[in-house]
There are 2 protein chains.
Amino acid sequence: MNSPEISSGAQKVLSAAQELFANEGYASVSIAAIADRAQVSKANIYHHFESKDELYCAVLKAACLASAEMITHDAGQDNNYAKQLTNFARSHVLHLTNNPSVSTLVIRGLLEESSNIDATTNDLTAHDFDCNFNRLVTLIKAGQVAKQIKPEINPSTLATLMIGANILFMKARNVLDEVPDTDYPLDPENFANTMIDILLHGVLTEQQEDKLL
Amino acid sequence: MNSPEISSGAQKVLSAAQELFANEGYASVSIAAIADRAQVSKANIYHHFESKDELYCAVLKAACLASAEMITHDAGQDNNYAKQLTNFARSHVLHLTNNPSVSTLVIRGLLEESSNIDATTNDLTAHDFDCNFNRLVTLIKAGQVAKQIKPEINPSTLATLMIGANILFMKARNVLDEVPDTDYPLDPENFANTMIDILLHGVLTEQQEDKLL
DNA sequence: ATTAAAACCGAACGGTCGGTCAGTTATTGG
DNA sequence: CCAATAACTGACCGACCGTTCGGTTTTAAT
């Protein structure tokens with residue numbers, strides 16, 4: 001069921017590499033460090049993978065696969081698009097917070113331009129990101145066709161809002177919880193709900209909305 | 001007016017280091033590469049800076065300073081908070097897109113946990129981020145006191161939406177413009193406007209809003 | 001039991017890394 | 001004009017980098 005070439009030893013290496021690459025980036029992680037964590041010899045890594053680059057690509061590929069898999073699981077063909085957006089936001093932010101190393105890898109690939117590594121890594125993460133991003137855009141457009149979402153809003157902008165906020169939430173949680181900003185919603189589901197609330201109904205009070213007419 | 005110890009030679013090194021660190025990260029950039037770009041010898045760098053770590057800290061410090069300076073320039077004490085939010089979003093996204101290397105440095109520091117470098121770098125970027133983040137939160141709370149922004153929305157969530165979307169926009173623009181997603185707003189100001197529109201008024205059509213009552 | 005392939009290791013390789021040092025040039029105050 | 005100091009350099013160091021190689025153990029099919 002898996003790819004043809006995943007022995008248990010290679011899997012140990014992959015897991016160790018994934019965690020280290022996600023936490024510290026490509027260049028900071030040495031083969032020796034990966035070998036240490038995987039409890040194998042340095043030479044053994046080169047028995048399973050051609051080079052450090054190839055190992056990184058393999059790690060990234062696995063991460064993208066896992067990242068793409070999760071979003072597939074919604075597909076609840078509800079006709080209520082508010083609910084569908086909520087589900088997307090919730091499952092997305094849960095995926096981010098539950099699989100931080102996978103997510104970090106994909107995001108890092110996205111945010112780091114002109115990688116010194118093989119160009120395929122860029123395409124890999126870009127395609128994966130595009131995949132999830134476009135799924136959301138498609139969902140939004142469907143909501144517009146169903147006349148539940150305003151026709152004049154830009155689907156890409158809305159998608160950027162949702163995904164950008166989720167990413168920042170995941171990453172900034174570690175930083176912000178040190179500061180006692182008492183009202184910051186640390187629970188992912190809680191955050192997704194308050195976020196969707198804003199996006200669905202806007203932030204202006206009714207009297208302000210009336211004033212604009 | 002400047003810090004006491006910024007000769008012209010040191011400044012050349014700083015600029016070169018800033019660009020390289022922003023584009024490729026700390027570990028990928030060698031002192032030799034910085035020396036090459038600054039057109040000085042490797043040894044000269046150690047005449048101006050104690051170590052690679054200290055150089056990176058200096059670069060980051062300058063970036064945070066520049067980043068903090070820009071947001072200070074709004075302060076338009078308008079009583080219209082919709083307009084103030086728009087101004088914030090616009091100046092923020094313009095700052096990001098116009099100073100990509102500065103922004104990338106701060107963001108990178110934010111998103112990379114447990115840096116192998118001195119812990120002060122984390123505090124540095126975290127404090128800078130907090131500064132801008134809290135400024136926005138304060139603005140939102142003022143809007144709530146003025147009864148222009150709904151009292152039940154969470155200021156931190158709204159701030160995360162705005163800042164997260166702007167960051168993702170800045171970073172993903174390079175990736176997404178390859179794909180012919182025709183309706184993606186590539187112009188920063190345009191993006192800020194469509195984003196604020198969504199946040200102010202929500203995305204649901206009126207008939208959907210009515211249905212919820 | 002034999003054997004071939006796969007998994008694994010210790011030791012070493014050329015190269016680059018951050019960092020040092022002795023020495024040379026430019027700058028500047030007295 | 002002269003010292004003293006800052007700016008700057010080429011050559012070099014030990015450590016660590018990714019990678020390779022020769023050889024040993026494990027696995028599994030015959």
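Labels below follow one simple rule: chain letters A, B, ... track the order of the sequence lines, proteins then strands, and each chain is numbered from 1.
No donor-acceptor contact under 3.5 Å links the side chain of B:Lys52 to the base of C:dG19.
One finds no side-chain N or O of A:His47 lying less than 4.0 angstrom from the OP1 or OP2 phosphate oxygen of C:dC8. Neither OP1 nor OP2 of D:dA7 sits under 4.0 Å from any side-chain N or O of B:Asn44. The phosphate of D:dT20 (OP1 or OP2) has no side-chain N or O of A:Tyr46 nearer than 4.0 angstrom. Within the structure, a side-chain polar atom (N or O) of A:His48 is placed less than 4.0 Å from OP1 or OP2 of C:dC8.
The listed nucleotides are D:dT9, D:dG18, C:dC8; the one nearest the side chain of B:Val40 is D:dT9. The side chain of B:Ile31 lies closest to C:dG18, out of D:dT9, C:dG18, C:dG10.
Closest non-hydrogen pair, B:Met195 versus A:Leu161, comes out as CG-CD2, 3.6 Å.
Counting any heavy atom pair closer than 4.0 Å across all strands shown, A:Ser30 reaches sugar-phosphate atoms only and no base atom. Nucleic acid contact for B:Val29: sugar-phosphate only, since backbone atoms but no base atoms lie under 4.0 Å from a heavy atom of the residue.
Note: CG (A:Asp53) to C1' (D:dC17) measures 14 Å, nearest angstrom. Distance CZ (A:Phe49) to P (D:dG18): 15 Å, rounded to an integer number of Å. The CG-P distance, from B:Leu20 to C:dG18, rounds to 12 Å in whole Å.
The structure places CD1 of A:Ile198 at 11.0 Å from CG of B:Leu200, a figure rounded to the nearest 0.5 Å.
Panel note: side chain B:His201, backbone B:Asp197; a donor-acceptor pair is recorded below 3.5 Å. Checked by atom type and distance alone, the side chain of B:Thr104 pairs as donor or acceptor with a backbone atom of B:Pro100 at under 3.5 Å.
Between B:Lys42 and B:Ile45, the residue whose closest nucleotide on DNA chain D is further toward the 5' end is B:Ile45.
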